[in-house]
Amino acid sequence: MNSVRTRFAPSPTGYLHIGGVRTALFNWLFSRRHGGQFLLRIDDTDQQRNVDAALAPILHGFRWLGIDWDEGPEVDGPFAPYYQSQRLPRYQEAVQKLLAAGLAYRDYATPDELKAERDEAEREKRPFLYSRRWMAESESQAKKFAAEGRQGVVRLKMPREGKVLIKDHIRGDVEFDWAREQDHVVQRADGTCLYHLASVVDDFDFQISHVIRAEEHLSNTPRQVFIAQSLGYPLPEYAHLPYVAEPGSKSKLSKRKLDKYLKNRDFALVNEHGQAIAKALALPISADTFNPVIVDFYEQVGYLPDAIINYLMLLGWSLDDKTEFFTRQQMIENFSLERVTKAPASFDPKKLWAFQDHYMQQLSVDEKVERMLPFLLRAGLIDSPANTDAKALLAKVVTAAGDRLKVAGDILAYADFFFLADDAYPFDAEATSKHLGEKQSVERLGRFRTCLASLDVWDVEALERTMHDFLAAEQIKIGAVIHAIRIAITGKAVGPGLYDCLALLGKTKALARLDRAIRSYG
RNA sequence: GGCCCCGUCGUCUAGCCAGGUCUAGGACACAGGCCUUUCACGCCUGCAACACGGGUUCAAAUCCCGUCGGGGUCACCA
C-alpha cells in the first residue's frame, strides 16, 4: 500500500516556465514509472485576485505537453480541494497543534525590532538568530504584548543544537546544523499561513510519497522536516533536482532576465524565428509571456510536444552514453532518480531546435498538414478548413518543402507565397537587388517566360526540359537565371525546388507572377 | 558573509560508487568538404574537456585532503 505519489505545485503566475516543466516532468515520469499518481497542487496562499485566469495557461500548457495529472484542479480527487487558498483551516489546525506541543510560539516582535537584531548580528559578524525576546510563553504574557499594540505571529521553535540529516535520492546524505535554522514564521497576525507549513501539511494530507523538486529547496528542507516531525508526520522521500540554468551560464533560468538571454546568439535566433511567426499571425503578444523561456511560445509557434519533452528529459538525466530519442513509453520505462545529474544544466534552445527538427521529420505529410492548416487559417491565407482545394495544395506544398519546415508556423514564414494572391506576395529587397537589379536579368526573365508560355504540359519534368533547352539557347548556366525566376515567382531567395514551385503554382499563376516581376523591375 | 550544493569539450552528457579496456565516448553547436548552382535535409572530416595542487597506488577523470571557481539559500514570497 506504499503507492508512489508525486506532485508539482505551481503558483498561479499566468505562464508556464520551461524549468517548471522539467521539474513537473520528472515528477510525472517517476509516478508513471512506479504505477503511482501525479498530482497538481496550487500554491496560491498569496491570494491573488484572479487565480483561475492565472492558472489557465499553466494547466493548458501541461495538457498540451501531454503531462496529465491524476488529482488536482479540474479533475479533483479524493483529497480535493487542491488549492492552498482553500485549505486554511487545516493549516491553522496544524499551527494549533505545534503551539500546544510547545514546538511553536507566539511572537510579538515588530519588524523594526527584528531588523535591529539582524543588523546587530551583522555588525558583529555572527549569524543572526532571533533572541525570542518577544516570545509569549504564557497566555497572560501574550495579552500583555497585545495590550502594547503588538501584533502576534506564530514562529517555529527550532532546536538550537544538534544536526539533522536529510536523505536525498540525488544529493545523498546532507547534514545541517539545527542551530543555523531560523524560527520561521508559519502564521501571520491575520491568521493566514505561510508556504512551508502549508506545503508540509499538504504533502501529508495528499499522501505524497516523494517530494521531487528543484535544488533551491534543499536549504528549506530542514525546517520542513522539523514541521513534519513536530506534527508527527512520516517524512516523504526527498529528491532535489539540479535547477535549469541560463543559456551559457550556471545561473538559474528566470524569465526576468530575458534581456540577458537575448544577447546569447542561439537564444536570440530561436526567439526571432518565433517572433516572426507570431507577427505573421498577428498574435497579441508581449515579451513577458512570449519568449523561449515560456512554454506557450513553443505552442504558438508550432513546436511538437514530443520534441520539447524529449529535450527536457535529457536536461539533467540520461539513460546511457548514446540514447537520445525516447517515446513516452520508453521514458516511463527507463526513468530513474538515480540517473539524475547533480550539476545544473543550461537550457540550450539550439538543442531543443535539433530535437524539434528530428520529430518534425518523423511526421507524415498528412500529420504536418493537420498541424499547419490552423496556422494558415489564423493568418487568413486559407478561408475555411473545408476548403479542400486549399488543403490539397497545402499537402503538395508540404511535400515539396520537405525538411525545410521545422515548426508548423514555418508554413507562414516559408511558404506563404503559395497562398497569397499573385500580386500580394512581397519581394525580398536584398534578393531582388541582387538578382533582378540588372536590365539583362529581367530581359532574360522575359525570354524564359515566352518559353514557358508555349508549354502544353505543365509538370516538373516538362519544366525541367524547358529550362534545359532555354539554357542551351541562351548559352548560359542555370545559376545565371534560376535565382531571378525564384524571386519572381516566390519573392524569396530561399524555398523548395524551383520546378516544384513552378509546378505547384500552375501555368497561369506562374506566368502572371513572372509578368509582375518584369513589370516591377524591368 | 554563514550554511548547503556543484565542478568532464562552448552546451547537454557517458565514464566516477566497485581505480587499469579512457592517447576520455556520444549528441548539439561551430569550421571545412561532399550532395544540390537556392535553402534545408543527408553524408564525411575537423575543432574541442577530466578546474587546480597535493597525496594514496604499480596505475587516478575515478579514492583521500586542500585550494580555487560557480551556484543556491539565508523573508510575515512561493
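Naming: A, B, ... by sequence-line order, numbering from 1 per chain.
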Undergrad: Can you identify which nucleotide, out of G72(B), C76(B), U37(B), has its nearest atom closest to the Leu194(A) side chain?
TA: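 In terms of side-chain proximity for Leu194(A), the closest of G72(B), C76(B), U37(B) is C76(B).
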
Undergrad: For nucleotides 18-25 of chain B, give me one character per nucleotide, 5' to 3': B if any protein heavy atom sits under 4.0 Å from the base, S if the only such contacts are to the sugar-phosphate, - if neither.
TA: -------B

Undergrad: Would you indicate which nucleotide in C41(B), C12(B), C4(B) comes nearest to any side-chain atom of Ala345(A)?
TA: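 Shortest atom-to-atom distance from the side chain points to C12(B).
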
Undergrad: For Glu175(A), answer base if it contacts any base atom (sugar-phosphate contacts may also be present), sugar-phosphate if it contacts only those atoms, and nothing otherwise; contact means non-hydrogen atoms under 4.0 Å.
TA: sugar-phosphate

Undergrad: Think Arg223(A) has a side-chain N or O under 4.0 angstrom from the OP1 or OP2 of C74(B)?
TA: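 So the side-chain polar atoms of Arg223(A) never come under 4.0 Å of the phosphate oxygens OP1 or OP2 of C74(B).
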
Undergrad: Roughly, in whole Å, what's the span from NZ in Lys250(A) to P in G10(B)?
TA: 11 Å

Undergrad: With nearest nucleotides of RNA chain B determined for Ile170(A) and Leu315(A) from heavy-atom distances, which residue corresponds to the more 5′ nucleotide?
TA: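 The residue closer to the strand's 5' end, by nearest nucleotide, is Ile170(A).
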
Undergrad: In whole Å, what separates the C1' atom of U73(B) from that of C47(B)?
TA: 39 Å

Undergrad: What is the nucleic acid contact for Val153(A), judged by heavy atoms within less than 4.0 Å: base, sugar-phosphate only, or nothing?
TA: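 Result for Val153(A) = base.
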
Undergrad: Less than 6.0 angstrom from the centroid, inside 45 degrees of the normal: does Lys492(A) satisfy that with respect to the ring of Phe417(A)?
TA: no

Undergrad: Counting only Watson-Crick pairs (N1-N3 plus N6-O4 or O6-N4) and G-U wobbles (N1-O2, O6-N3), all under 3.5 Å, who is the partner of U38(B)?
TA: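 Looking at the geometry, U38(B) pairs with no nucleotide.
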
Undergrad: P atom, G46(B) versus C4(B): distance in rounded Å?
TA: 47 Å

Undergrad: Check every atom of C76(B), C5(B), G15(B) against the side chain of Glu215(A) and return the nucleotide holding the closest atom.
TA: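 Among the listed nucleotides, the one closest to the side chain of Glu215(A) is C5(B).
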
Undergrad: Report the residues that fulfil side chain to side chain contact (heavy atoms under 4.5 Å, CB included) with Ala354(A), sequence neighbours left out, ordered by chain and then residue number.
TA: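 Applying side chain to side chain contact (heavy atoms under 4.5 Å, CB included) to Ala354(A) gives none.
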
Undergrad: Looking at Ser346(A), I'd like to know whether one of its side-chain N or O atoms comes within less than 4.0 Å of OP1 or OP2 on U11(B).
TA: no

Undergrad: Tell me if the side-chain of His196(A) makes a donor-acceptor pair with the base of A78(B), cut-off 3.5 Å, by modelled atom types.
TA: yes

Undergrad: So what's G7(B) paired with, Watson-Crick or G-U wobble, going by both distances under 3.5 Å?
TA: C68(B)

Undergrad: Who is the Watson-Crick or G-U wobble partner of G2(B), with both distances under 3.5 Å?
TA: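 WC or wobble partner is U73(B).
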
Undergrad: When the P atoms of C64(B) and C74(B) are compared, how many Å lie between them, rounded to an integer?
TA: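 It comes out at 30 Å once rounded to the nearest Å.
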
Undergrad: Is the count of non-hydrogen atoms from other residues, nucleotides or ligands lying under 6.0 Å from Gln440(A) atom CD greater than 12?
TA: no

Undergrad: When the P atoms of A29(B) and U67(B) are considered, how many whole Å apart are they?
TA: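 Pairwise P distance, A29(B) against U67(B), rounds to 41 Å.
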
Undergrad: Knowing that exactly one of Glu122(A), Arg180(A), Gln182(A), Glu120(A) qualifies, which makes a side chain to side chain contact (heavy atoms under 4.5 Å, CB included) with Phe128(A)?
TA: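 Only one of Glu122(A), Arg180(A), Gln182(A), Glu120(A) forms a side chain to side chain contact (heavy atoms under 4.5 Å, CB included) with Phe128(A), namely Gln182(A).
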
Undergrad: Regarding Arg123(A), tell me which of base, sugar-phosphate or nothing describes its non-hydrogen contacts under 4.0 Å with the strands shown.
TA: nothing

Undergrad: Is any side-chain N or O of Arg404(A) under 3.5 Å from a base N or O of C39(B), one able to act as donor and the other as acceptor?
TA: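 Under the 3.5 Å cut-off, the side chain and the base do form a donor-acceptor pair.
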
Undergrad: Quick one, which residues of residues 491-503 of chain A touch RNA chain B with a heavy atom under 4.0 Å?
TA: Ala493(A), Val494(A), Gly495(A), Pro496(A), Gly497(A)

Undergrad: On the side chain of Tyr414(A), is there an atom forming a donor-acceptor pair with the base of C39(B) - under 3.5 Å, no angle test?
TA: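 Indeed, a donor on one side and an acceptor on the other fall under 3.5 Å apart.
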
Undergrad: Would you say the side chains of Thr110(A) and Glu113(A) form a donor-acceptor pair under 3.5 Å?
TA: yes

Undergrad: When you measure from the side chain of Arg180(A), which nucleotide among U38(B), G2(B), C4(B) comes out closest?
TA: G2(B)

Undergrad: Arg106(A) side chain N/O closer than 4.0 Å to the phosphate oxygens (OP1, OP2) of C76(B)?
TA: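 No, no such contact exists.
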
Undergrad: Taking atom types as modelled and ignoring hydrogens, do the side chains of Glu117(A) and Tyr130(A) form a donor-acceptor contact shorter than 3.5 angstrom?
TA: no

Undergrad: Please measure how far the P atom in G69(B) lies from the corresponding atom in U56(B), and state the result in whole Å.
TA: 27 Å

Undergrad: Write down the distance separating the P atoms in G53(B) and G1(B), rounded off to the nearest Å.
TA: 25 Å

Undergrad: Pick from Lys157(A), Arg106(A), Arg160(A), Arg133(A): which one makes a salt bridge (charged side-chain N to carboxylate O under 4.0 Å, His left out) with Asp183(A)?
TA: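 Single salt bridge (charged side-chain N to carboxylate O under 4.0 Å, His left out) partner of Asp183(A) among Lys157(A), Arg106(A), Arg160(A), Arg133(A): Arg160(A).
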
Undergrad: Taking only side-chain nitrogens and oxygens of Thr45(A), does any of them come within less than 4.0 Å of OP1 or OP2 of A78(B)?
TA: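 So the side chain of Thr45(A) is within the cut-off, an N or O lying under 4.0 Å from OP1 or OP2 of A78(B).
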
Undergrad: What's the gap between G20(B) and A78(B) when it is taken at their C1' atoms, as a whole Å value?
TA: 50 Å

Undergrad: Between A27(B), C5(B), C41(B), which nucleotide has the shortest distance from any of its atoms to the side chain of Asp403(A)?
TA: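 Shortest atom-to-atom distance from the side chain points to C41(B).
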
Undergrad: Phe8(A) pairs by ring pair (Phe, Tyr, Trp, His ring centres under 6.0 Å) with which of Trp69(A), Tyr82(A), Phe62(A), Phe206(A)?
TA: Phe62(A)

Undergrad: Which nucleotide, in any strand shown, forms a Watson-Crick or G-U wobble pair with A31(B), with both distances under 3.5 Å?
TA: U45(B)

Undergrad: For Phe347(A) and Lys342(A), find the nucleotide of RNA chain B closest to each by heavy atoms; which residue's nucleotide sits nearer the 5' end?
TA: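 Counting from the 5' end, the first nearest nucleotide belongs to Lys342(A).
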
Undergrad: For a quick check under 3.5 Å, do Asp202(A) and Tyr91(A) share a side-chain donor-acceptor pair by atom type?
TA: yes

Undergrad: Would you classify Arg213(A) as touching base, sugar-phosphate or nothing, given that sugar-phosphate means primed atoms plus P, OP1 and OP2, and contacts are heavy atoms under 4.0 Å?
TA: nothing

Undergrad: I want to check one thing: is the phosphate of C74(B), taken as OP1 and OP2, less than 4.0 Å away from some side-chain N or O of Ser219(A)?
TA: no

Undergrad: Heavy atoms only, 4.0 Å cut-off, all strands: where does Ile478(A) land among base, sugar-phosphate and nothing?
TA: base

Undergrad: Please give the nucleotide sitting opposite C16(B) as a Watson-Crick or G-U wobble pair, both distances under 3.5 Å, or none.
TA: none

Undergrad: What nucleotide among C76(B), G42(B), G70(B) has an atom nearest to a side-chain atom of Gln361(A)?
TA: G42(B)

Undergrad: Please classify the nucleic acid contact of Thr341(A) as base, sugar-phosphate, or nothing, using heavy-atom distances under 4.0 Å.
TA: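 Answer is sugar-phosphate: Thr341(A) comes under 4.0 Å of backbone atoms only.
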
Undergrad: Classify Arg486(A) by what it touches in the nucleic acid, base, sugar-phosphate, or nothing, heavy-atom distance under 4.0 Å.
TA: base

Undergrad: Which base, if any, makes a Watson-Crick or G-U wobble pair with U23(B), both distances under 3.5 Å?
TA: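 For U23(B), the partner nucleotide comes out as none, under the 3.5 Å rule.
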
Undergrad: C1' atom, A49(B) versus C28(B): distance in rounded Å?
TA: 15 Å

Undergrad: Relative to Phe26(A), does Arg22(A) satisfy both conditions: NZ or CZ under 6.0 angstrom from the six-membered ring centre, and within 45 degrees of the ring's axis?
TA: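 Yes, a cation-pi geometry holds between Arg22(A) and Phe26(A).
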
Undergrad: Return the nucleotide paired to U56(B): Watson-Crick means purine N1 to pyrimidine N3 with N6-O4 or O6-N4, wobble means G-U with N1-O2 and O6-N3, both under 3.5 Å.
TA: none

Undergrad: Counting only side-chain heavy atoms from C-beta out, which of C41(B), U73(B), C4(B) sits nearest to Glu216(A)?
TA: U73(B)

Undergrad: With a 4.0 Å cutoff (strictly under), does any side-chain N or O of Lys350(A) reach OP1 or OP2 of C28(B)?
TA: no

Undergrad: Would you check if there is a donor-acceptor pair between the side chains of Thr192(A) and Arg188(A) at a distance under 3.5 Å?
TA: yes

Undergrad: Taking atom types as modelled and ignoring hydrogens, do the side chains of Asn27(A) and His210(A) form a donor-acceptor contact shorter than 3.5 angstrom?
TA: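 No pair is found: no donor N or O on one side chain lies under 3.5 Å from an acceptor on the other.
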
Undergrad: Under the salt bridge (charged side-chain N to carboxylate O under 4.0 Å, His left out) criterion, do Lys351(A) and Asp266(A) qualify, and how do the steps go?
TA: CA-CA 9 Å; Lys351(A) 188 140 189 176; Asp266(A) 294 342; over 6 Å; no

Undergrad: Could you work out which one of C76(B), A78(B), A40(B) sits closest to the side chain of Pro111(A)?
TA: C76(B)

Undergrad: Verify the stacking flag for His217(A) against A78(B): centroid separation must be under 5.5 angstrom and the ring planes must differ by under 30 degrees.
TA: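 Stacking is present between A78(B) and His217(A), given that their ring centres fall under 5.5 Å apart and the planes under 30°.
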
